[in-house]
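Here is how names work: the chains are called A, B, and so on, in the same order as the sequence lines, proteins then strands, and each is numbered from 1.
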2 protein chains.
Amino acid sequence: MARPLKALQMPNLGESIKDFAWRQITESGASSLSLRKIARELGITAPAIYNYFSDRDALVTALIIDAYASFGDCQHEAKASFPDPGQEVERLRATGIAYRQWALQYPHRYLLIFGSPVPGYVPPMQELLPVMMRSLGALTGVIAELHAGGRLDAHGIPPPVAEPGHRLFTLMGSADPGMLSVYSVAMLIWSRVHGIVSLEVTGQLPPFAEDGEALYRFELDSICRQFIRPSVAVPDATGFFRNR
Amino acid sequence: MARPLKALQMPNLGESIKDFAWRQITESGASSLSLRKIARELGITAPAIYNYFSDRDALVTALIIDAYASFGDCQHEAKASFPDPGQEVERLRATGIAYRQWALQYPHRYLLIFGSPVPGYVPPMQELLPVMMRSLGALTGVIAELHAGGRLDAHGIPPPVAEPGHRLFTLMGSADPGMLSVYSVAMLIWSRVHGIVSLEVTGQLPPFAEDGEALYRFELDSICRQFIRPSVAVPDATGFFRNR
DNA sequence: AATTTATATTTACAGTGTAAATATACTATG
DNA sequence: CATAGTATATTTACACTGTAAATATAAATT
């Protein structure tokens, strides 16, 4: 037999391959992903997969893109849960909480994105940049809104080096150079959130600190304390907007 | 031939295997580590390695332990560069700077420790805990010294859950339960430092923020601002030791 | 009806980690 | 000194892996 009748074929084989790949990753980790094993479970031969993915790396890239989509959806949903003006702080906290929840709910997706799990795989940044920017866009969006509302404290933050036309401007949705340090704030917050969550997900926190949730909530609190001014029209003893 | 003359044998074959493994990791990444390739370059056959390492994983564990030793040395040296009483803040900054420098100098060692690079490898925590604790001990030591000098601000920090006899007490070198929140501070600082450095080393910072050094120095500054009180006998307008 | 294209299969190759059996150099013991 | 035991290697073999090449056939197109 060379090719089965269409009636016997599996519909959407491309999606099925990804499904089985995810199942395999979830069961035994991303490192043990095997085209042959996927084919075996799908009842086809291994080279047939090459009709849908030119490479094993192409499959991994497709999985990463899906993971980023799931992650980005989660981030944007969390952000949209506090849509009203004046809810910027709650919006920021919600995206932060959602970050950790998503990572704990889908540790393998998280590790596929932020770890380096698959043997010889090198991520094609050019292809991944759009989905990376979209998911990061939830955070940068919140920060930009805080900035617009005059509640962002970005003093002393080193702005990234970027000439006009740089992708950072398109990410921020603005060509205002003053937005660049706003963007640096997003990177700093991202790195803090990522730091504690990555340690927790990879199991490097548990040997030392058992209660990841408490640590994480403290970290979110101190992030808010550092980068957010108290609400407008609440001057302190020394002056306006001077909470440091 | 079954066994070459001792005169022709390579001395310290066990060490040589690790050397070639490191060279291989440095050249083409930890994921492409191959016993056969090591044996080929060493002029022996692959199974001969099993006389020195029971497993491929055993070899990886040995490499990780070496990497931790290098990392721990670097941390403790940085700490020892400001040994005098009263230099606690400089001591903390020095270990922070050293953390990033070591990671950038030996990215593959860093990734071997903090990433999950080798295919099916699962780290044997019980075996690695001592070297992990030693390298983390530099940071916890500095924090403990800040605490002893009355310059640590740990208010609001959730202490880890630990009954007497827990390894955290041995790590802190004290059975004082009050030291536990001190320990949480170390975890928080570690996670922040790790977050920004891991993004930079894995190349996930560059697409967005080019100048990692500036961001890192800012992060160290804000860490110091958050957790360190101003020096003694410098009361502010509202009272002593009330810098928040 | 003939041709092209899409989707498989079969076969094959080079690579991997590692288990088993085997052979020899070195070391210790009777 | 002879002999047994141990350490260190080789050879062989197995079950995997990703993937390239050639081939065959169903479905779509001309």
>> Rounded to whole Å, please give me the gap between CG in Asn51(B) and C1' in dT8(D).
In response: 5 Å
> Between atom CG in Leu42(A) and atom C1' in dT9(C), what is the gap in whole Å?
Replying inline: 16 Å
>> From CD of Gln24(A) over to P of dT17(D), roughly how many Å is that when rounded to an integer?
In response: 9 Å
> How close or far is atom C1' of dT11(D) from atom CD1 of Ile44(B), stated in whole angstroms?
Replying inline: 15 Å
>> OP1 or OP2 of dA9(D) versus the side-chain N and O atoms of Thr45(B): is any pair under 4.0 Å?
In response: no
> What pairs meet the salt bridge (charged side-chain N to carboxylate O under 4.0 Å, His left out) rule with one or both residues in residues 17-35 of chain B, with sequence neighbours excluded?
Replying inline: Glu15(B)-Lys18(B), Lys18(B)-Asp66(B)
>> Tell me every residue that passes side chain to side chain contact (heavy atoms under 4.5 Å, CB included) with Arg91(A), counting only those two or more places apart in sequence or in another chain.
In response: Lys79(A), Phe82(A), Gln87(A), Glu88(A), Val142(A), Glu145(A)
> Of the candidate nucleotides dT7(C), dT9(C), dT16(C), which contains the atom at the shortest distance from the side chain of Arg40(B)?
Replying inline: dT16(C)
Please write out the pairs of protein N or O atoms and N or O atoms of nucleotides 17-21 of chain C separated by less than 3.5 Å, giving the distance to one decimal.
residue : atom : partner  : partner atom : Å
dG17(C) : OP1  : Leu35(B) : N            : 2.8
dG17(C) : OP2  : Leu35(B) : N            : 3.2
dG17(C) : OP2  : Arg36(B) : N            : 3.2
dG17(C) : N7   : Arg36(B) : NH1          : 2.4
dG17(C) : O6   : Arg36(B) : NH1          : 2.8
dT18(C) : OP2  : Tyr50(B) : OH           : 2.9
dT18(C) : OP2  : Arg56(B) : N            : 2.9
dT18(C) : O5'  : Tyr50(B) : OH           : 2.9
dT18(C) : O4   : Arg36(B) : NH1          : 3.4

> Listed by chain and number, what are the side chain to side chain donor-acceptor pair (under 3.5 Å) partners of His76(A), not counting sequence neighbours?
Replying inline: none
> Which word best sums up how the rings of Phe114(B) and His194(B) line up, parallel for under 30°, tilted for 30 to 60°, or perpendicular for over 60°?
Replying inline: tilted
> If you look only at pairs with a residue in residues 37-60 of chain B, which of them pass as a salt bridge (charged side-chain N to carboxylate O under 4.0 Å, His left out), with sequence neighbours excluded?
Replying inline: none
> For Tyr121(B), which residues count as a ring-ring contact (aromatic ring centres under 6.0 Å, His included) partner, sequence neighbours excluded?
Replying inline: none
> Can you check whether Tyr52(A) has a side-chain N or O nearer than 4.0 Å to OP1 or OP2 of dA6(C)?
Replying inline: no
> When you measure from the side chain of Ala48(A), which nucleotide among dA9(D), dT9(C), dT7(C) comes out closest?
Replying inline: dT9(C)
